[in-house]
Amino acid sequence: MTFLTVDNVTKRFGGLVALNAIGFSVAQGEIVGIIGPNGAGKTTLFGVISGFITPSEGEVSYDGHSILGISPDRLVWRGLMRSFQIVQSFADMTALDVVTTAALTRRPMREAIDYAAAALLRVGLGGKELKMPLTLSLQDKKLLELAKCIATDPRCILLDEVMAGLTMSETAAPIAVIQELNRQGVTIVMVEHVMPVIMRLATRIVVINFGEKIAEGTPEEILKDQRVIDAYFGDHIDA
Amino acid sequence: MTELYQALAQGLLIGSTYGLLALGMGLVYGVSGVVNFSHGDFISLGMFMCLGLYSALSLDPYVSVIITVPVMTAIGALVYLFLIRPMVGHQFLMVVQLTLGLSLVLQNGILMVFGGQPARTPSIVESKLWILGDVVLRVPHVIAFVISFALAIGLYVMLRSTDFGRSIRAVHQNAHAAALMGIDVGRVQVLTFALGIGILALAAALLLPGTPIQPTQGLRYTVITLLVVVLGGMTNFVGIMLGGLIIGIAEAFGTIYLDGAIGLLMPYIIFVAIMLFRPQGLTWRSSK
Amino acid sequence: MKQEFYDTLSSPILWGVLLLAALLPFALSSYYLHIVTLALVYVALASSWNIVGGMAGQVSLAHSLFIGIGAMLSSALLLKLGINMWLGLVISAVISGVLGAMIAWIDFRFQLGHLSFVLITLAFAEMGAIVVEGWEFLGGASGMLLPKDTGDFLAFQFGGGSGSFWVMLTLAAVCVLVNVAILNAPLGFYLRTIRDNEKAAQAIGVNVLRYKITAMVISAVLASVVGTAYVRYLTFADPYLLISPVITIEIVLFATVGGLGRAYGPALGALLLVPLGEVLRGKLGSALPGLHYFIYGVVVIAVILATPRGLLPLFERQWERWRRS
Amino acid sequence: MLEIEGLTAGYGGIEVLRDINVRLGDGELVGLLGANNAGKTTMINSLSGTVKPMAGRILFQGEDITRLTPRQRVERGIVQVPEGRLVFPEMSIRENLLLGGINSRARPQRRQQMEKVLELFPRLGERLAQHAGSLSGGEQQMLAIGRGLMADAKVLMLDEPSLGLSPLFVQYIFEIIDKLHADGLTILLVEQNLNLTLRHAQRCYVLERGQVAVEGGADAVRNDPRTKSAYLGL
Amino acid sequence: RAGAAGPTIRVGVVNSMSGGLAAYAQEGQPAFEYIIKKINAEGGIKSKGGAQIELVMADDTSQPARTAAEARRLITEEKVQLLTGTILSAQMLALTPVLDELKMPTLSVWAGGARSDYMFTLGYPYDRGYAQTINDFIVALRDEHKFKIKTAVMGYSNYEAGQQVNKFLTEKLKASGVEIIGEAALDIRAQDQTSAMVRIRSLKPDVVAGLVTPRDGILLHQARYNLNYHDSLFCGGTGGYTDLSLWKDLGPEVGKAVLTKNLFGMTGFSPGAKVDSMQKIIAELRDIAKLDRIGQGAIQYAQAARVLQQVLENAASLQSDDLLKAFRSVNIPFGDPNLYVAKPKGLQFAEDRLLKDGSAMFVQWTPEQDQQVVFPKEFAQVPPRPRA
Ligand SMILES: Nc1ncnc2c1ncn2[C@@H]1O[C@H](COP(=O)(O)OP(=O)(O)OP(=O)(O)O)[C@@H](O)[C@H]1O
Ligand SMILES: Nc1ncnc2c1ncn2[C@@H]1O[C@H](COP(=O)(O)OP(=O)(O)OP(=O)(O)O)[C@@H](O)[C@H]1O
Ligand SMILES: [Mg+2]
Ligand SMILES: [Mg+2]
């Protein structure tokens with residue numbers, strides 16, 4: 001049963017076609033990876049799904065309903081949550097305050113604070129609750145994005161490069177979080193350039209290049225696809 | 001028909017003086033992000049300095065600029081160094097309030113020195129007229145019109161296509177990154193701020209002939225300037241001049257063709273209407 | 001609602017301070033009572049502005065409209081149509097609320113940037129002033145003189161002096177407590193995310209439009225109510241004071257200098273700066289004209305340079321130090 | 001070429017770096033490794049002069065530059081490609097590149113240099129007028145690197161250049177780094193990616209909670225047990 | 001302060017020394033202090049044992065709410081026994097509740113009305129002062145001097161007094177058979193009034209009438225010069241038409257071109273008026289007090305000092321009620337050396353605590369920058385200059 005469907009979506013910025021008639025679908029409970037060269041249109045795609053960008057053409061449906069034109073905050077209430085690649089920070093709120101606000105989506109004030117603190121702990125930001133997000137290092141900011149996602153009790157999350165810049169050992173915590181969420185039934189769509197991570201987590205991978213889908217399949221299939229190797233991996237894949 | 005031409009001429013001339021006032025604020029904002037609420041009082045200061053120079057040395061305002069521009073530039077530099085720079089990194093509104101305090105100081109400093117009577121500074125061109133068919137133009141306005149457009153275009157070119165101009169914008173967008181490029185952030189900020197205030201001395205002199213001045217007029221200038229700067233898109237100097245013209249024409253047409261309060265409302269109505277449909281201001285290219 | 005709010009409400013310090021304040025009319029002369037009353041008016045106004053300007057970060061310069069409606073409209077209704085001022089207060093508050101909602105909607109609908117919002121609200125404020133000054137019904141440029149305050153509570157009269165002081169004290173306390181309540185409620189969290197980053201706020205489920213409107217309506221209604229009470233205290237409905245953008249600029253000054261977005265910051269700013277201005281004028285008004293304003297300006301600059309985050313954090317640090325020793 | 005002696009630095013009185021000693025030889029490619037928050041960026045910023053040291057000194061070609069301004073350091077050829085894509089968002093790609101070459105040594109030949117950079121990054125050449133802020137994450141990273149190359153550096157410091165780039169492009173970037181190195185440029189490479197760095201760098205330092213934990217050649221570092229504890233957090 | 005020994009009477013003075021109205025008080029205060037000093041030097045208030053008058057000054061920064069606050073301070077903290085000051089109309093309204101509450105007899109120098117039972121004013125009443133005088137003069141021009149006057153445009157400064165006077169004047173002119181064909185309200189914050197003048201020009205009225213502030217006057221006349229517009233008569237007041245500094249503010253060239261052509265200004269004071277006491281006080285202020293600005297403001301304030309003197313002399317005691325009684329019976333008849341303003345019927349307060357005789361004069365300017373009184377007949381030096 002498909003849970004999230006992107007159908008024939010095109011997005012143009014002036015003369016530039018960032019997404020070109022792209023389509024794929026995600027079943028409930030899946031972890032789908034999206035990869036593609038820089039500027040392929042991955043972030044734009046997330047923007048379209050999460051309601052921040054209106055596509056020039058095409059259709060997006062979620063949980064059986066079209067969601068085009070629905071504002072991002074309402075999508076969050078319906079369980080569709082995204083993280084930002086270029087981290088969006090709040091200038092004058094502590095990390096805990098930010099995550100608490102996210103938790104308020106489904107919880108009353110009292111519970112929200114504890115829930116938020118727990119979320120921070122889970123992604124590995126324990127002890128940094130009262131820091132201002134602006135003074136966090138880039139990687140911590142990305143973990144904070146993940147914590148915000150968790151706190152809203154989502155049914156589906158779109159993660160845009162939350163692992164970039166983490167050392168292998170540091171990816172352990174977020175990977176565990178993602179796996180656990182998935183076990184609880186949360187559908188996950190993630191963009192990542194860190195191959196070991198995506199190969200380990202994703203059940204299926206969609207590859208896009210110049211705004212078009214060029215391949216789709218299990219990690220093993222993708223690794224062997226010559227077009228993907230040419231466009232994306234290059235000769236050796238250990239990065 | 002005569003009315004229409006005269007209204008248009010009047011609007012354009014007055015509007016260009018509004019634009020002229022706003023250039024300095026655009027420059028100051030462009031580098032420091034400071035919205036200077038003492039802007040109008042600096043214009044007052046420039047005007048009263050001309051008045052002082054006339055009383056003491058019988059200098060024509062157009063000649064006084066030789067003295068007032070450097071002096072105001074220096075004042076601008078000092079204000080930046082001692083008042084604005086210490087506030088870097090603090091809330092935007094705090095800095096605005098600081099300039100508000102400065103406005104009180106300037107306005108009342110002027111009052112203490114010059115008294116509260118409206119005063120006039122004579123100039124050779126002040127009562128000269130230029131008559132084009134049915135339309136009468138005041139020579140001081142024409143001079144201000146020409147100089148302000150020249151200045152706006154000069155600043156526009158400077159900001160777009162010189163290294164100094166690019167540095168100014170870079171410092172505004174990301175001071176840390178600008179420093180990493182080898183831009184002397186501190187120097188660019190002081191220079192630009194000082195220049196922004198220095199230009200006001202020029203604007204003051206150009207507006208002065210025929211305008212009675214009073215120490216309390218500053219806030220009025222600040223408000224008009226703000227409308228124009230925002231309309232023009234903050235740092236686009238050609239846009240700012242255009243903004244000035246629009247406000248000027250709205251004012252002239254409002255006064256001439258409409259009765260009472262509605263006429264006075266005209267510039268504001270036009271402003272709100274434009275801002276709603278072009279929130280980024282009147283800049284040529286829409287910024288992506 | 002966070003526990004802190006209930007703690008504040010049941011705190012003996014709060015009630016002690018209020019009680020002590022309520023006794024002031026018995027201790028102060030009429031002039032100093034006036035200064036304190038005036039300070040309370042600005043405490044209430046700055047605190048109400050803080051909800052939208054400080055917490056939600058929407059620097060509105062349109063508050064003179066709400067104050068002006070509260071003051072001028074209720075006076076006009078009383079004088080021209082004989083409508084009881086209590087009812088006038090409600091009518092004005094409703095109209096202010098609707099207007100506030102409209103402005104917030106425009107802000108959202110057209111995605112106004114920071115400065116465009118400031119300037120559009122300023123333009124609205126200027127237009128409001130022009131309309132009032134040009135419209136006979138609202139008193140025109142001459143304003144309106146309310147009937148003598150005989151202390152008839154049912155006619156919205158409090159007997160001047162101490163009566164008005166108590167009214168203002170209540171209003172100021174209400175406005176500050178509304179601030180405390182909001183900051184401890186979900187609304188406070190929503191507003192702060194909106195202030196810092198609207199896009200990111202949306203992404204964590206904050207309905208930006210709804211909460212902007214909520215904040216603006218609360219703020220506008222409070223400002224309007226204070227406006228009505230203020231004009232009753234002044235007795236003279238002066239358009240150049242009550243609906244001029246200058247009053248907003250003063251309010252913003254107090255709120256900012258006190259501590260923006262914090263519950264007690266604006267109150268602190270007003271409590272310190274209003275009496276300072278009044279006393280300076282009283283003491284120096286007869287000296288060189290302008291000197292007292294000049295000094296006031298210097299003090300404002302000095303305070304801002306010394307405590308660029310506002311006075312409140314400074315006080316909090318002192319308070320901590322004092323508590324520890 | 002560049003020597004750091006006993007450097008201590010931090011923010012608002014809190015020490016992030018403690019007593020760092022690091023040396024870069026002329027023409028060397030040195031790696032700086034370390035976990036998240038170890039203080040790598042802080043160290044690079046101290047070298048650029050945007051973080052003021054609390055103690056210690058920095059020598060460049062024998063001259064003490066500890067007190068010099070960021071601008072003076074750029075003029076001497078110490079150039080940083082910052083992390084986090086600190087591009088100028090409201091300026092076009094072209095203007096961003098021109099600003100990269102604004103220092104007095106680079107300025108005379110920056111037009112030619114720009115041609116070269118655009119050859120390296122054809123994607124940027126296609127979009128010269130696009131505002132940097134609307135570029136994709138990876139494109140901004142390219143621009144940041146290209147901008148750094150405009151500056152005619154003597155010492156180039158790259159802060160996590162591979163961040164957010166596709167595997168193919170990461171390879172490409174490292175090829176460029178190797179080539180610059182081969183041309184004699186001194187390079188300080190900050191990275192999370194242990195293997196990649198060890199493969200390219202001649203020598204490495206590993207930072208652990210603000211202190212140098214390990215230093216030496218690739219094999220020495222790889223095999224040092226402390227690397228595993230410092231870097232992999234085992 | 002007069003520091004002489006003996007009893008003193010404290011008089012509070014709330015002036016607008018800073019802010020938008022500073023011009024009035026800054027011109028008037030020195031004259032006021034001069035006369036008070038003179039009174040003290042001549043033996044103080046004789047009926048009160050030669051009490052010296054001590055002035056306690058305050059600045060309301062031109063903001064009415066602050067007038068009220070400063071008055072409260074002067075009364076309750078400084079314990080003044082009498083209050084005076086610029087007190088324009090808005091200030092008067094703001095002051096009203098304070099005066100009523102604290103029962104403080106007050107003399108305003110300029111208010112156009114007096115709403116409190118405790119306040120008297122030397123200002124021109126809007127209705128029987130400004131509006132009546134302008135109307136009477138226009139009617140006199142038409143009926144006695146045979147000017148063609150059928151239509152009028154109301155050209156006035158758009159502020160409180162301007163609007164009030166305009167309301168009364170419009171009615172009176174209509175009643176006198178003049179057709180009002182339009183309004184040109186002058187935006188008091190405008191940089192330039194050319195647009196307003198273009199509007200007037202397009203309406204081509206026979207006469208333009210209204211109350212105009214000094215600053216708007218300068219801009220209006222300048223605009224008239226710019227457009228070289230002389231088809232209408234300009235009849236108005238006060239500061240914007242007759243301030244002595246007007247000529248200087250416009251510059252000689254513009255002044256000559258517009259002030260001496262088809263323009264008549266209302267004023268309560270003119271150096272050329274045939275009033276001996278007025279001539280004397282001008283000479284005294286100029287030669288002995290050495291004031292550099294002697295205009296309406298200075299004269300009005302000097303007059304206020306004399307009124308206060310008489311009130312204090314005549315009052316049975318310094319109690320509020322007695323002072324009020326003394327105010328009611330003030331009488332400075334025409335011909336009295338202490339009558340500085342032009343009042344053919346002398347100076348007395350009416351029931352409404354405004355001047356009984358609210359009238360003023362009309363003057364015209366000569367190319368030599370002097371003024372000639374042309375109205376009323378009692379003071380007129382010359383007939384109005386015919387239309388150019
Ligand atoms: N607002 C915009 N205006 C113009 N072009 C845009 C805009 N946003 C994105 N683009 C362009 O659209 C293309 C796709 O961008 P997108 O951010 O989706 O790429 P991406 O796949 O996420 O890349 P990366 O892996 O580098 O993050 C890029 O070439 C980018 O320059
Ligand atoms: N501007 C700042 N103000 C306060 N603390 C800061 C600031 N910048 C960084 N820090 C703190 O300094 C420490 C070191 O940060 P730094 O950015 O140097 O680490 P890093 O090694 O570069 O990490 P990463 O791999 O995440 O980039 C961190 O704990 C961080 O929170
Ligand atoms: Mg992306
Ligand atoms: Mg780093």
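By convention in this document, chain letters (A, B, ...) are assigned in the order of the sequence lines, proteins followed by strands, and residues within each chain are numbered from 1.
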Exercise for the section: Side-chain contact test, heavy atoms from C-beta onward, threshold under 4.5 Å: evaluate it for Arg72(E) versus Tyr32(C) and give yes or no. Expected result: no

Problem - pair His292(C)-Thr61(E): side-chain heavy atoms closer than 4.5 Å - result: yes

Could you check which of [options] has the highest count of heavy-atom pairs closer than 4.5 Å to chain E?
options	answer
Pro289(C), Gly140(C), Gly139(C)	Pro289(C)
Ile130(C), Thr235(C), Leu145(C)	Leu145(C)
Gly290(C), Ala141(C), Gly143(C)	Ala141(C)

Exercise for the section: State whether the number of non-hydrogen atoms from other residues, nucleotides or ligands found under 6.0 Å of Lys80(C) atom NZ is greater than 12. Expected result: yes

Practice task
Please indicate whether Trp166(C) has more than 12 foreign heavy atoms, meaning atoms of other residues, nucleotides or ligands, lying under 6.0 Å from its CH2.
Solution key: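 Yes - once you tally the heavy atoms of other residues, nucleotides and ligands closer than 6.0 Å, there are more than 12.
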
Practice task
Go through the atoms of Leu234(C) and report whether side chain, backbone, both or neither lie under 4.5 Å from a heavy atom of chain E.
Solution key: both

Practice task
Give, as side chain, backbone, both or neither, the part of Ile35(C) having an atom under 4.5 angstrom from any heavy atom of chain E.
Solution key: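 For Ile35(C), no heavy atom lies under 4.5 Å from chain E.
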
Part of [X] lying under 4.5 Å from any heavy atom of chain C:
X	result
Thr76(E)	side chain
Ala68(E)	neither
Arg73(E)	both
Gln29(E)	neither

Practice task
Indicate whether the side chain of Ser29(C) and that of Glu77(E) have a donor and an acceptor atom separated by less than 3.5 Å.
Solution key: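 A donor-acceptor contact under 3.5 Å links the two side chains.
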
Exercise for the section: Quickly, which of Lys167(E), Gln163(E), Gln164(E), Glu160(E) forms a side-chain hydrogen bond (donor to acceptor under 3.5 Å, both in side chains) with Ser142(C)? Name it, please. Expected result: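 In the set Lys167(E), Gln163(E), Gln164(E), Glu160(E), the residue that makes a side-chain hydrogen bond (donor to acceptor under 3.5 Å, both in side chains) with Ser142(C) is Gln164(E).
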
Problem - Choice from Ala69(E), Ala65(E), Ala58(E) maximising heavy atom contacts with chain C below 4.5 Å - result: Ala69(E)

Exercise for the section: Determine the minimum heavy-atom distance between Asp59(E) and Arg281(C), stating which atoms define it. Expected result: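 Minimum heavy-atom contact is O-CD, 3.1 Å.
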
